[in-house]
Amino acid sequence: MQKPSIPRGTRDFGPLQMAKRNYIFNTIREVYEQYGFAQLETPTMENLSVLTGKYGDEGDQLLFKVLNSGDFLSKTQAQDYSAGSKTMLTKISEKGLRYDLTVPFARYVVMHRNEISFPFKRYQIQPVWRADRPQRGRYREFYQCDADVVGTNSLLCEAEIIAMINEVFNGLKLSDFTIKLNNRKILVGITEVIGAEGKEADFCVAIDKLDKIGLDKVNEELIQRGFSQESIKLLKPVFEFEGTINDKLAFLKDYFSASETGLQGVKETEEILSHLQSYELEDNHLELDLTLARGLSYYTGTIFEVKANGVQIGSITGGGRYDNLTGVFGLKDISGVGISFGVDRIYDVLEELDLYPESTATQVQVMIVNFGEEMMNKGIALLQGLRKEGIRAEMYPDTAKMKKQMSYANNLNIPFVVLIGEDEIATGNYTLKNMIDGEQAAYKINDLISKIKNSR
RNA sequence: GUGAUUGUAGUUCAGUUGGUUAGAACGCCUGGUUGUGGUCCAGGAGGUCGCCGGUUCGAGUCCGGUCUUUCACCCCA
């Protein structure tokens, strides 16, 4: 007999975990819908041509490929094998598991462009797969909760997203978090000012690590990536500047006197902040982090990331504006901005901070003890009567020993148990036992119902 | 993908330089209580020591491979 197992980086979710996960999903879903996003689902599998090349060379490696059905070798020849994995792959696989929700969304928009009225707001809650090495907070199968708006340049969308982030985490009772904000145009501006135009990608990869490895190591890496000593000197004030968001923006306006793009980034950020004031948030948790870079290549404007403070885990939410995501699929000039909540990481954060409400589980309120065939009919009638009153009820399916049935109710935290035996049928009153304080008494059906209802 | 690391009952973990029959707690089952759970008492079941191979008179313990866990790099939610 073999021992069963599940693939590395995947997990089962038991009833307790699902209750907590649904609590998170529901919170996010409600906020999305309140802000006018409609739900979309796309297939688990996409054609490989849709996925490859969208996430860089690294990303292509992390794609799960699906082997062609049937005799997948029938269309191959010996020379394909010797030509290497890449050539071989195209012959034996034409589908892959989705890597994120943004690219399938872009594909959807392009395919349905004529049915969609823009601006198009959609949310999507589905699992994605990455053939990564698993670590804490990093799985090979995990859920993303995306919301995107495409077909508008309005910076109101950015403000809306920031408001949604606040609403979701307030809803989840997570108070200590930071929304780190930046703008790709500001990053481009910096590379222009320090005389490293066009090296934006290298720049982003290096500075994104600042809080992790420190300034000296970042400078080392920049030099390794071909930045001059002069550039690093010019960069220094950006890292060293401290102050409020407005202070930073004022500083940047001065710093970007020679960079049109940089100034544009500052202007956009100012506009978002100005919109945001009208939302009258108590605390918007915003921080302008000039070292926030986010590797994803398709971002062009605002970028943001949410960190849970005091928990050793990566970002729990991320997103940004992209100007040309649909371009690769032949639809130009569609700008969009999106956000993605990482449920699996949020789960770990709430777990570590012990922030779940007392009962996330929707548990059964009352169990009817099974006393045998003759009593079952009375039991079923009561069962349905309780359910009609909106009470979650079940009857123990077997005529097992009382001890066994009571233990079951106890282990499942069922607060009430009803006993219908010979005594009860003779008097017409049913015995209701409160499993929390252990008290029990006989009631007429109506009193029994109100007793259970009033206990909440 | 690179370099480390982990794996012993359902769960959390002990297990000495390689040496007889691999232990504990909790959980589970049975009984004390034929209509009463959560406390208590008595008893019981449950392990191919991740898997495959090697060294050895002898391997949970040493070696190799493989899978899994965790960590760093890379990247990311």
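Throughout, protein chains are lettered first and strands after them, A, B, ... in sequence-line order, and every chain is numbered starting at 1.
- A cation-pi arrangement, defined by a distance under 6.0 Å to the six-membered ring centre and an angle within 45 degrees of its axis, is absent between A/Arg225 and A/Phe203.
- Among B/C28, B/C76, B/U36, the nucleotide with an atom closest to any side-chain atom of A/Asn411 is B/C28.
- Residue A/Arg138 places none of its side-chain N or O atoms closer than 4.0 Å to OP1 or OP2 of B/C76.
- A cation-pi geometry, defined here as NZ or CZ lying under 6.0 Å from the six-membered ring centre and within 45° of its normal, does not hold between A/Arg321 and A/Tyr299.
- In this entry the distance linking CG of A/Asp132 with P of B/U69 reads 13 Å, nearest Å.
- In this structure the side chain of A/Met88 reaches within 4.5 angstrom of the side chain of A/Leu73, judged on heavy atoms.
- Between the C1' atom of B/U36 and the OH atom of A/Tyr396 lies a distance of 14 Å, rounded to the nearest Å.
- The phosphate of B/U30 has neither OP1 nor OP2 within less than 4.0 Å of any side-chain N or O from A/Lys401.
- At whole-Å resolution of the value, CE in A/Met402 and P in B/G37 are 8 Å apart.
- Closest-nucleotide positions on RNA chain B for A/Arg345 and A/Leu419 were compared, and the one nearer the 5' end corresponds to A/Leu419.
- Remark: the separation of the P atoms in B/C63 and B/U17 is 14 Å, to the nearest Å.
- For the pair A/Asn410 and B/U36, the criterion of a side-chain N or O lying under 4.0 Å from OP1 or OP2 is not met.
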Using a cut-off of under 3.5 Å, enumerate the N/O to N/O pairs linking the protein to nucleotides 2-9 of chain B.
| from | atom 1 | to | atom 2 | distance (Å) |
| --- | --- | --- | --- | --- |
| B/U2 | O4 | A/Arg133 | NH1 | 2.7 |
| B/G3 | O6 | A/Arg133 | NH1 | 3.0 |

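- If you take atom P in B/C26 and the same atom in B/C51, they sit 28 Å apart, rounded to whole Å.
- Taking atom P on both B/G58 and B/G19, the two are 15 Å apart, rounded to the nearest angstrom.
- Between A/Ile436 atom CD1 and B/U39 atom C1' there is a gap of 17 Å when expressed in whole angstrom units.
- Nucleotides B/A45 and B/U30, compared at atom P, are 15 Å apart to the nearest Å.
- When each of B/C75, B/C76, B/U69 is scored by its nearest atom to the side-chain atoms of A/Arg130, the top-ranked nucleotide is B/C76.
- Atom pair A/Tyr408:OH and B/G38:C1' shows a separation of 17 Å (rounding to whole Å applied).
- The distance between atom OH of A/Tyr430 and atom P of B/G35, rounded to the nearest whole Å, is 19 Å.
- Remark: A/Arg21 qualifies as a cation-pi partner of A/Phe13 under the 6.0 Å distance and 45° angle criteria applied to the six-membered ring.
- Across B/G37, B/U68, B/C75, the shortest atom-to-atom separation from the side chain of A/Met406 is found for B/G37.
- When Watson-Crick and G-U wobble pairs are counted only if both distances are under 3.5 Å, B/G37 pairs with no nucleotide at all.
- Checking the phosphate oxygens (OP1, OP2) of B/G31, no side-chain nitrogen or oxygen of A/Lys403 falls inside 4.0 Å.
- In plain terms, the two heavy atoms of A/Ile245 and A/Leu288 that are nearest each other are CG1-N, 3.9 Å.
- If you measure from atom CG of A/Asn370 to atom P of B/G35, you get 13 Å, rounded to the nearest angstrom.
- Note on A/Tyr139: a base of the nucleic acid sits closer than 4.0 angstrom, heavy atoms only.
- Classification of the A/Tyr123-A/Tyr32 ring pair by plane angle, with boundaries at 30° and 60°, yields tilted.
- Annotation: cation-pi geometry satisfied between A/Lys199 and A/Phe227 (NZ/CZ under 6.0 angstrom from ring centroid, within 45° of ring axis).
- Under a cutoff of 6.0 Å and an axis angle of 45°, A/Arg122 and A/Phe37 do not form a cation-pi pair.
- Under a 4.0 Å N-O distance rule, the pair A/Asp132/A/Arg140 does not qualify as a salt bridge.
- In this structure, B/C26 and B/G10 make a Watson-Crick or G-U wobble pair, each of the two defining distances being under 3.5 angstrom.
- Scanning all heavy atoms of the two residues, the minimum distance from A/Lys209 to A/Val218 falls at C-CG2, 4.2 Å.
- Distances from the side chain of A/Pro134 to the nucleotides B/C74, B/C75, B/U69 place B/U69 closest.
- Within the 4.0 angstrom heavy-atom criterion, base atoms lie near A/Gly438.
- In this model, no side-chain donor or acceptor of A/Gln405 finds a partner on the base of B/U36 within 3.5 Å.
- Spacing of P atoms, B/U48 relative to B/U61, comes out at 16 Å, to the nearest Å.
- Stacking annotation: A/Phe142 is stacked on the base of B/A77 (ring centroids less than 5.5 angstrom apart, interplanar angle below 30 degrees).
- For the P atoms, the distance linking B/G43 with B/A25 amounts to 12 Å, nearest Å.
- For the pair A/Glu58 and A/Pro7, nearest-nucleotide mapping onto RNA chain B gives the more 5' position to A/Pro7.
- Side-chain atoms of A/Glu424 come within donor-acceptor range of the base of B/G35, with a qualifying N/O pair under 3.5 Å.
- If you take atom C1' in B/G23 and the same atom in B/G46, they sit 14 Å apart, rounded to whole Å.
- Remark: A/Gln135 is in phosphate contact with B/A72, judged by side-chain N or O atoms under 4.0 Å from OP1 or OP2.
- The base-pairing partner of B/U70, taking Watson-Crick or G-U wobble contacts with both distances under 3.5 Å, is B/A4.
- With a cut-off of 3.5 Å on both pairing distances, the Watson-Crick or G-U wobble partner of B/C62 is B/G54.
- Taking atom P on both nucleotides, B/G15 is separated from B/C52 by 25 Å, rounded to a whole Å.
- Between A/Asp208 and A/Ala293, the shortest heavy-atom contact is OD1-N, 3.4 Å.
- A/Lys209 comes within 4.0 angstrom of the backbone, heavy atoms only, and of no base.
- Within 4.0 Å (heavy atoms only), A/Ser5 reaches no atom of the nucleic acid at all.
- One interatomic measurement links the two molecules: NZ of A/Lys404 to C1' of B/G35, which rounds to 18 Å at whole-angstrom precision.
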